[in-house]
Amino acid sequence: MTHRLRLILSTGSAALLVLVTTLLGVVPAHATGPSYVALGDSYSSGNGTRTYINDGTSCDRSVYAYPYLVAQSHGYTLNFQACSGATTATVTSSQLSALSTSTGYVTMSVGGNDAGFSSVITECAKPAWASDCAGKDTTANTFITNTLPGRLNTLYASIKAKAPNAKVVIVGYPRIFNGQDCNAATFFSPDDESRLNATADLLNSKLSAAATAAGFTFANPTSRFIGHAVCGSPEWINGLSNPISDSYHPNQTGHASGYFPLVNPLLV
């Protein structure tokens, strides 16, 4: 076999590997790199970046999401499980099977969907006369305070049991608003925005406490996104968008400049 023929076959095999692993949602940075499993919801899958992997799911996984960027940076083999809409229950039922004793690194953001945070935002986006923003937000806060910690503790224990040798980083949620609403079709008041930001802070505090108790690391994105929330300059979190599922999620710059520099140094 000639050197040129070997090169062609080798190149073709590499291309086939990339195609197959992309379709399966497993995106390796280097085939022999340490195993990195990205768990969680839309804030980890890359929903909001507007460019998604065609893996036959509705998970909105993106090569612009911070897990992919981290894997590329370190040469880790990424098993991309994070999925838009995930809760603590669906992470347990459909994502944890990716973990094993050989897993080296794990990241995860989850908890916002358990608390129904997207429905709170939807309610608060309505005109004041048609909205019960305070009531909906209070219900979410009660859940975050009283119910979510138990769910997190159970999930984190399962992760430890399945991947006992992994470095685990729990990733929090940014404050979505800067105190103004520049979208014509939404009606967030400054009080609404302050209330929703406080809920994000409360959620992060519970995630941090549960992570610490489990021996995990917590990555808090709050400070990195200040000045870059909805209507920020530049905006790292989408406002009301088309499709609507991209709304109120970090965009490509949010992942590259917000999440990536936060998480990347922790996964070593």
Side-chain angles (χ1 to χ4, degrees), residues 10-11 13-46 49 52-53 55 57 59-83 86 88 90-110 152 155-172 207-208 210-221 224 250 252 254-268:
S10 175
T11 303
S13 298
L16 179 61
L17 175 62
V18 171
L19 173 62
V20 170
T21 54
T22 299
L23 290 174
L24 292 175
V26 181
V27 188
H30 292 287
T32 58
S35 171
Y36 165 30
V37 180
L39 306 171
D41 58 19
S42 56
Y43 276 71
S44 289
S45 72
T49 62
Y52 306 113
I53 298 168
D55 59 2
T57 75
C59 287
D60 292 334
R61 299 183 183 116
S62 175
V63 297
Y64 296 101
Y66 75 82
Y68 191 92
L69 302 178
V70 168
Q72 289 285 309
S73 173
H74 292 296
Y76 298 158
T77 300
L78 174 62
N79 191 326
F80 207 170
Q81 294 293 313
C83 188
T88 54
T90 59
V91 167
T92 300
S93 64
S94 63
Q95 298 183 23
L96 293 193
S97 60
L99 301 177
S100 71
T101 55
S102 64
T103 301
Y105 302 95
V106 176
T107 57
M108 180 175 67
S109 62
V110 76
L152 295 174
L155 174 57
Y156 293 0
S158 295
I159 293 173
K160 289 184 71 174
K162 290 180 177 293
N165 303 312
K167 170 68 179 292
V168 181
V169 176
I170 303 301
V171 184
L207 293 171
S208 178
T212 299
F216 298 162
T217 300
F218 179 67
N220 190 340
R224 293 206 61 86
Q252 290 183 21
H255 280 269
S257 298
Y259 274 120
F260 173 70
L262 172 71
V263 177
N264 194 53
L266 301 176
L267 289 193
V268 294

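In this chain, residues are counted from 1 in sequence order.
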Which atom names give the shortest non-hydrogen contact between [X] and [Y], and what distance separates them?
X	Y	result
Ala71	Leu78	CB-CB, 3.7 Å
Gly40	Ala86	O-CB, 3.3 Å
Ala98	Thr103	O-OG1, 4.1 Å
Ile53	Phe80	CD1-CD1, 4.3 Å
Gly33	Thr77	O-OG1, 3.0 Å
Tyr68	Ser62	CB-O, 4.0 Å

Does any part of the side chain of [Y], heavy atoms only, come nearer than 4.5 Å to the side chain of [X], both counted from C-beta?
X	Y	result
Leu39	Val106	yes
Val168	Met108	no
Gln81	Val91	no
Tyr43	Val171	no
Leu152	Ile170	no
Leu207	Tyr156	yes

* To do: Indicate whether the side chain of Ser44 and that of Ser109 have a donor and an acceptor atom separated by less than 3.5 Å.
  =>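 On atom types as modelled, these side chains qualify, holding a pair under 3.5 Å.
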* Interatomic spacing from CG in Leu266 to OG1 in Thr107 - rounded to 0.5 Å -> 10.5 Å
* To do: State the OG1-CG distance between Thr90 and Asp41, to the nearest 0.5 angstrom.
  =>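 Answer for the OG1-CG pair, Thr90 versus Asp41, is 8.5 Å.
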* Asked: If you look only at pairs with a residue in residues 157-170, which of them pass as a side-chain hydrogen bond (donor to acceptor under 3.5 Å, both in side chains), with sequence neighbours excluded?
  ->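 Not a single pair qualifies under side-chain hydrogen bond (donor to acceptor under 3.5 Å, both in side chains).
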* **Tyr259: partners by ring pair (Phe, Tyr, Trp, His ring centres under 6.0 Å), with sequence neighbours left out** => Tyr66, Phe225, His255
* With no hydrogens and no angle check, is any side-chain donor or acceptor of Ser35 less than 3.5 Å from a backbone partner on Ser102? -> no
* By side-chain contact (heavy atoms from CB on, under 4.5 Å) - contacts of Ala256 (at least two apart) -> Leu69
* Asked: Taking atom CZ of Phe218 as the centre, does the number of heavy atoms from other residues, nucleotides or ligands within less than 6.0 Å exceed 12?
  -> yes
